[in-house]
Structure formats: C-alpha cells, structure tokens
Asker: 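Just passing along the structure, written as structure tokens.
Positions are given from 1 along the sequence. Note that this is a predicted model, so its numbers are computed, not measured. Below, all heavy atoms of this structure are taken into account, side chains as well, without hydrogens, waters or symmetry copies.
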Amino acid sequence: PVVDLKVNKQGVEVRTKKGNIFHTKHLILATGGIELINLPIKIGRERTFVVSYKKRNMDKLFSSSLLWDTAEPFHYIRSFVGKRLWVGGEGVAEESYTPSSDKRHIAALDKYSREVLALDSSYVLEKKKSWSGVFFPTARGLPYIGDVAGTPIKLALGFGGTGILMSFVSGYLIASWLKKKEMKYKPLFKIW
C-alpha cells in the first residue's frame, strides 16, 4: 500500500509501506482514505449477504453476467461461466446487525432469487455467506472524480456500493482527460 506521496516539478513521488519509491508523471488515486481531503462523504460500515447456486447447464441468460437492481435494499446478480450463480445484497448497517438475523437475510435472498429470477429447484443453494465492509457514499450519491488542483494527481473516491461500475466510469473519464478530451459528464462527478 501507498503510505506517502509528494508532488514535485517532475511529477509525483510515491512511497510504499515496504519502503519502495516510485516516480511518475501522472497518478490516479482511488482510495477510501477520505481523511486526505475535506469532502462531504458519509462513512458507514455495512454488512451484506450472498447466496450461491449451482446448476448444470445454466440458462443462457445467466451464462456470464453481472447485474444490479435498484431495489431498497439493492441486489446484485453475478454468474460464472454458466456453472454458478451468486445473488447478493440485503445490506444492513453494521450497528444494527446481529448474527441471529443471518437466517432472515439469507431467506430473503433465496426468496428474491426464486421469485424474481424464477429459479426452479434445479438451482441448488450451495453456500450462504455474509461479510461487512466500509462504504463511503457521497452526499449526492455519485463518486468524486477529478483533478487535485495544481498537481498531476487525478482522484477517484466515494464509490459506495457501486464500485465495480464506477471504477470503469472513473477510468474512462480520467483517460479521456489525459488525452485532453473534455467529457460532457465531468460536472456530475466534480470534486469542488
């Protein structure tokens, strides 16, 4: 992990935890370290749940996919080469989580999978799991992506629960800016 960075006339100097030092012209900083900068970001630890189904010859719809819905709480669906299907979500704030509620959340995911995705009995519930992670949802719901003024540093943070999608968005936008293209969506992700 990076523990220190310094901006100089040549670009940026980065020092890692192992003591390695790297020099670069441009640096893209994607971080949960919101203490680096004063931004209106809500910090929260959330517990999320996932169930895994196994099936031979999974339907083509699920051959290799990653999908989200917009429900509250949201769900995500991920499949792996037509052999395994994950359905996750049902997130709860860590402070309101109790281990005794695991069964209820897992049952809700299984019910969602059976009803909304129309999974029949050929989809075998194989594994159940929960874990918790830290999320940094921003005040307006979109991540912050942009320049750190007066430096060659590009910043992308505050992905919240949409990290997979927004990491692609931030990579696309930052690559465009480095090529001197101004994208029409830039103001939506503006830091300041």
Asker: Flag the pair D4 / V14 as yes when at least one side-chain heavy-atom distance between them is below 4.5 Å, and no otherwise.
Answerer: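 Heavy-atom side-chain distance check fails, nothing below 4.5 Å.
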
Asker: Carefully, step by step, assess F189 and L173 under the rule side chain to side chain contact (heavy atoms under 4.5 Å, CB included).
Answerer: CA-CA 10 Å; F189 301 97; L173 290 174; 3.6 Å; yes

Asker: Within the structure provided, determine whether V12 and F22 are in side-chain contact (heavy-atom separation under 4.5 Å).
Answerer: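 Result no, sub-4.5 Å side-chain heavy-atom pair not found.
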
Asker: Does any non-hydrogen side-chain atom of L178 lie less than 4.5 Å from one of K154?
Answerer: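 They are in side-chain contact.
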
Asker: Determine, using the 4.5 Å side-chain heavy-atom cutoff (strictly less than), whether I77 and V124 are members of one ILVMFWY cluster.
Answerer: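 I77 does not cluster with V124.
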
Asker: Please name the pair of heavy atoms, one in Y53 and one in L109, separated by the smallest distance, quoted to 0.1 Å.
Answerer: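 The pair with the smallest heavy-atom distance is OH-O, 4.2 Å.
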
Asker: Report the distance from atom CD1 of I106 to atom NZ of K111, rounding to the nearest 0.5 Å.
Answerer: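 Here the interatomic distance stands at 15.5 Å.
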
Asker: Which is it for R84 and S79 under the side chain to side chain contact (heavy atoms under 4.5 Å, CB included) test, yes or no, and what are the steps along the way?
Answerer: CA-CA 6 Å; R84 187 165 277 113; S79 64; over 6 Å; no

Asker: Identify the heavy atoms of V50 and W86 that sit nearest to each other, and give their distance.
Answerer: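 Smallest heavy-atom distance, with atoms named: CG2-CB, 4.0 Å.
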
Asker: Do Y97 and S130 have side chains that get closer than 4.5 Å, going by heavy atoms?
Answerer: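 Y97 vs S130: side chains touch.
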
Asker: Indicate yes or no: at least one non-hydrogen side-chain atom of R47 is less than 4.5 angstrom from one of H105.
Answerer: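 No, too far: nothing below the 4.5 Å cut-off.
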
Asker: Of all heavy-atom pairs between G89 and Y76, which one has the smallest distance, and what is that distance?
Answerer: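 Distance-wise, the nearest heavy atoms are N-CE2, 3.7 Å.
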
Asker: Hey, are the side chains of I145 and W177 touching, using non-hydrogen atoms and a 4.5 Å cut-off?
Answerer: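 In short, these two side chains touch, coming nearer than 4.5 Å.
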
Asker: Please confirm whether the backbone N or O of D120 pairs with a side-chain atom of R114, one donor and one acceptor, at under 3.5 Å?
Answerer: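 Yes, R114 side chain to D120 backbone: donor-acceptor pair under 3.5 Å.
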
Asker: Okay, side chain of S176, backbone of Y172: is any donor-acceptor separation there less than 3.5 Å?
Answerer: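 Looks like yes, one N/O pair under 3.5 Å.
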
Asker: Once rounded to the nearest 0.5 Å, what's the spacing between atom NZ of K127 and atom NZ of K54?
Answerer: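 Interatomic distance, K127 NZ to K54 NZ, rounded to 0.5 Å: 8.5 Å.
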
Asker: Tell me, do V92 and F49 make a side-chain contact under 4.5 Å, heavy atoms counted?
Answerer: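 Yes - at least one pair of side-chain heavy atoms lies under 4.5 Å apart.
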
Asker: Does Y123 form a side-chain hydrogen bond (donor to acceptor under 3.5 Å, both in side chains) with D110? I'd like the steps, not just the answer.
Answerer: CA-CA 11 Å; Y123 285 85; D110 190 43; over 6 Å; no

Asker: Can we say R104 and E90 salt-bridge, meaning some charged N sits less than 4.0 Å from an Asp/Glu carboxylate O?
Answerer: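 Salt bridge absent between R104 and E90.
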
Asker: For the atom pair OG (S113) and CG (L125), what is the distance rounded to the nearest 0.5 Å?
Answerer: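 Answer rounded to 0.5 Å: 8.5 Å.
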
Asker: Roughly how far apart are N8 CG and E13 CD, rounded to 0.5 Å?
Answerer: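 Separation between the atoms: 6.5 Å.
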
Asker: Distance check, rounded to the nearest 0.5 Å: Y144 atom OH versus L188 atom CG?
Answerer: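 If I round to the nearest 0.5 Å, the distance is 12.5 Å.
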
Asker: To the nearest 0.5 Å, what is the distance between NZ on K55 and CD on E126?
Answerer: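 Here the rounded value is 14.5 Å.
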
